[in-house]
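Data first, discussion second: the structure below is written as structure tokens.
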Amino acid sequence: MMGLVVAEVRKLTSVVTTWVLTGLGMLLVVLGSALFLFLTEFGVGEFLGTDPQVAFVADQVGGANIIVVIVALLSMTTEFRHGTIGRTLQITPGRTRLLVAKLVGGTIYALGFLVLGLAVGAILLAIAAAVNAVGLEIGGQTLTSIWQGAVGLTLTAWFGVALGALLRSQVVAITLTLVWSFVVEPAFGGLLPAVGKWLPFNALNAVFVGDEAVAAMGEMGPQMLDPLVGLSVFIGYGVVAAVAAVWLLRTRDV
Amino acid sequence: MGHAALEVRGLTKRFGPQVAVDDVSFDVPAGRIVGFLGPNGAGKSTTLRTIVGLNAATAGTALIHGQPFSELERPAQTVGSVVDGVGFHPGRRAIDELRIAASAAGIPAPRCREMLALVGLAEVERKRVGRFSLGMKQRLGLAAAMLGDPQVLLLDEPANGLDPEGIQWVRAFLRYLADDGRAVLVSSHLLGEVARLVDEVLVIRQGRIVASGTVAELTAAAGGASVRVASQDDAALTAELERSGATVTPVEGALQVQGMDPSAVGGAALAAGVALTELRALSPELEDIFLELTAGGEIA
């Protein structure tokens with residue numbers, strides 16, 4: 001199994017697309033954090049380096065989950081698009097094992113993305129702290145953001161791999177994911193918030209958007225599930241997608 | 001009794017109502033090259049894909065050293081294949097493609113460079129596969145197939161897209177592999193392409209095997225050799241040949257004789273006192289036999 005996981009990580013790191021998307025993800029982290037840190041009218045007031053403010057920057061990494069889901073989708077759909085799935089299955093006929101290796105590969109990518117994002121966030125925080133001549137307080141809220149980010153991004157990667165195995169078509173999978181996350185879920189969130197908050201990415205966002213941020217947005221803010229409920233709902237979607245993917249991978253011709 | 005390296009029995013694959021492979025059975029012994037011939041769409045690729053588990057068989061079995069592909073403990077070290085529809089990521093370097101396969105199969109990394117050198121791609125190992133010519137991709141496919149040093153090779157049209165030099169190289173490479181004791185099943189839609197290479201031939205048409213055997217056996221079964229003879233008195237010669245049991249057909253100023261070899265025809269001419277002006281053996285063209293078989297003819 002170790003060799004399979006190494007192969008899956010190599011598949012991700014040996015194509016330019018992964019690096020470009022990761023760079024894009026870091027850009028999202030930089031933009032989200034910089035707006036908050038340096039243009040304080042967008043943030044929650046003056047930057048003082050408090051634990052909630054540091055946690056907000058850490059949340060930006062988890063908030064860039066769209067990148068992780070796309071990389072995870074590609075790890076599966078690229079195999080079908082370029083026909084490499086045939087060679088993969090000739091080396092690893094056990095399709096369940098293959099999917100498990102891809103899930104682990106996705107986890108490694110997700111955690112790598114988190115570490116890189118936190119490093120970028122730390123650099124921005126250090127600059128902001130120097131500019132404002134304040135110290136940085138790293139407490140329970142920041143640590144919670146980090147572990148929530150780790151869990152959330154890992155689950156996002158699993159969801160992406162499973163969705164990729166289900167849909168197979170790269171164009172369909174990416175288009176559907178982008179339209180779903182940027183159009184369908186926000187539309188539900190705005191028009192039918194009682195339903196929208198239960199949809200997968202909205203449920204996951206409940207993990208990353210802290211109670212304080214939601215409270216700060218007031219009535220204009222989205223309806224969010226409790227973070228643990230949101231996490232459980234997203235896990236539910238992930239499990240259903242993964243089980244369906246395993247079944248489909250085992251029963252359908254390649 | 002030992003197993004053939006590859007044993008296919010009653011293999012059937014249906015896609016909905018369409019039968020792509022219909023009750024196909026054959027063996028590929030170790031040390032032999034078996035040509036798997038048929039026109040495009042005859043079922044060659046589907047058969048190969050079903051053997052390696054990319055398609056689920058509707059019925060029948062394909063056993064490699066006595067085991068289905070899905071149950072092989074070390075599949076890459078047992079079977080190497082170049083199968084239709086199996087490709088490479090165009091954005092990945094050649095060496096990375098092999099390293100990925102090697103990692104997954106538990107093959108030592110240095111083997112990747114050895115295989116690239118074996119197929120003549122050592123100089124371009126850092127080149128992205130999307131920039132490879134079709135011939136280079138075919139060679140890379142062979143390198144990937146050989147990575148695990150397998151004893152069974154399934155190759156779907158490996159010479160497709162190659163220039164004459166490349167085709168020569170593939171022939172020599174496959175002969176080397178078979179002489180090294182490996183079982184090789186190589187598909188093609190051109191009999192001439194593999195006739196000089198293969199030890200045995202399987203001809204498939206509309207999903208069914210319509211002929212099998214050595215090229216010589218196929219030739220013989222298709223009517224065997226005949227003799228073309230011309231003389232100064234064709235009527236007398238025809239009478240003598242028919243008396244000896246041969247079948248004689250007039251063709252463009254000569255006679256075509258079936259059922260006798262050239263020396264027997266010469267003997268008959270001597271007996272009839274007829275001087276010959278032409279005498280030569282005729283072999284049926286392999287492509288003609290192939291076309292006849294794949295167009296609907298069947299050889300028992």
Side-chain angles (χ1 to χ4, degrees), chain A residues 1-22 71 73-105 108-109 164 168 170 246-254, chain B residues 13 15 20 45-46 48-58 67-107 109 128-130 140-141 144-145 147-148 150 154 156:
Chain A
M1 179 52 88
M2 198 59 208
L4 279 182
V5 172
V6 170
E8 290 307 321
V9 173
R10 274 211 164 114
K11 282 179 192 172
L12 286 175
T13 55
S14 59
V15 290
V16 174
T17 315
T18 306
W19 296 106
V20 170
L21 284 169
T22 306
V71 169
L73 271 174
L74 290 177
S75 76
M76 203 72 224
T77 57
T78 301
E79 295 258 26
F80 289 100
R81 184 178 178 199
H82 299 299
T84 53
I85 187 72
R87 182 160 293 106
T88 299
L89 289 175
Q90 284 167 55
I91 296 166
T92 319
R95 299 181 184 199
T96 307
R97 283 185 74 213
L98 173 66
L99 200 70
V100 170
K102 285 207 176 281
L103 292 174
V104 177
I108 292 169
Y109 174 77
R168 295 193 177 194
Q170 192 157 304
V246 168
W247 177 79
L248 204 64
L249 208 56
R250 287 172 64 102
T251 53
R252 242 169 91 177
D253 287 342
V254 171
Chain B
K13 177 62 186 175
F15 296 105
S45 297
T46 305
L48 296 185
R49 290 173 63 82
T50 307
I51 291 170
V52 294
L54 298 181
N55 294 339
T58 307
Q67 282 191 301
F69 181 81
S70 61
E71 291 175 19
L72 291 173
E73 202 171 316
R74 305 179 78 198
Q77 285 86 342
T78 311
V79 186
S81 59
V82 176
V83 179
D84 182 45
V86 174
F88 296 102
H89 192 298
R92 209 170 268 144
R93 300 178 201 280
I95 188 73
D96 287 334
E97 283 286 2
L98 295 195
R99 280 181 180 151
I100 286 166
S103 299
I107 295 163
R128 296 193 192 279
V129 178
L140 184 58
L147 200 59
L154 309 175
D156 197 359

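Predicted, not measured: the structure shown is a model, and the values here were computed from it. Chain A is the first sequence line, chain B the second, and so forth, proteins listed ahead of strands; every chain is numbered from 1.
For chain B, the nearby part of A/Arg95 is the side chain; its heavy atoms alone come within less than 4.5 Å. Residue contact with chain A, scored on non-hydrogen atoms closer than 4.5 Å, involves the side chain of B/Asp96 exclusively. Proximity to chain B involves both the backbone and the side chain of A/Ser14, based on heavy atoms less than 4.5 angstrom apart.
With rounding to the nearest 0.5 angstrom, the CZ atom of B/Phe88 is 3.5 Å from the CZ atom of A/Arg87. Note that CD1 of B/Ile100 and OG1 of A/Thr13 are 7.5 Å apart. Values are rounded to the nearest 0.5 Å. Here CG of B/Leu147 is found 7.5 Å from CD1 of A/Ile91. Values are rounded to the nearest 0.5 Å. Distance check, rounded to the nearest 0.5 Å: CD of A/Gln90 to OG1 of B/Thr78 gives 12.5 Å.
Inter-residue side-chain proximity for A/Arg10 and B/Ser103 is flagged as met; some heavy-atom pair is nearer than 4.5 Å. Between A/Arg81 and B/His89, the closest side-chain pair of non-hydrogen atoms is not below 4.5 Å. Put simply, the side chain of A/Val16 reaches to within 4.5 Å of the side chain of B/Arg128, judged on heavy atoms.
In the displayed structure, A/Met2 atom CE is contacted under 6.0 Å by at most 12 heavy atoms of other residues, nucleotides or ligands.
When the candidates B/Gly53, B/Ala56, B/Ala104 are compared by the number of heavy-atom contacts under 4.5 Å with chain A, B/Ala104 comes out ahead. Most heavy-atom pairs under 4.5 Å with chain A: of the set B/Thr50, B/Asn55, B/Val52, B/Val79, this distinction falls to B/Asn55. Per-residue heavy-atom pair counts under 4.5 Å with chain A were compared for B/Pro90, B/Ser70, B/Gly80, B/Gly106, and the maximum is reached by B/Pro90. Chosen from B/Glu71, B/Arg93, B/Arg99, the residue pairing most often with chain A at heavy-atom distances under 4.5 Å is B/Arg99.
Salt-bridge check for A/Asp253 with B/Lys13: passed, with a basic side-chain N closer than 4.0 Å to an acidic carboxylate O.
Closest non-hydrogen pair, B/Pro75 versus A/Pro93, comes out as CG-CD, 3.4 Å.
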> Passes side-chain contact (heavy atoms from CB on, under 4.5 Å), A/Lys11 versus B/Arg92? Steps please.
Replying inline: CA-CA 9 Å; A/Lys11 282 179 192 172; B/Arg92 209 170 268 144; 3.6 Å; yes
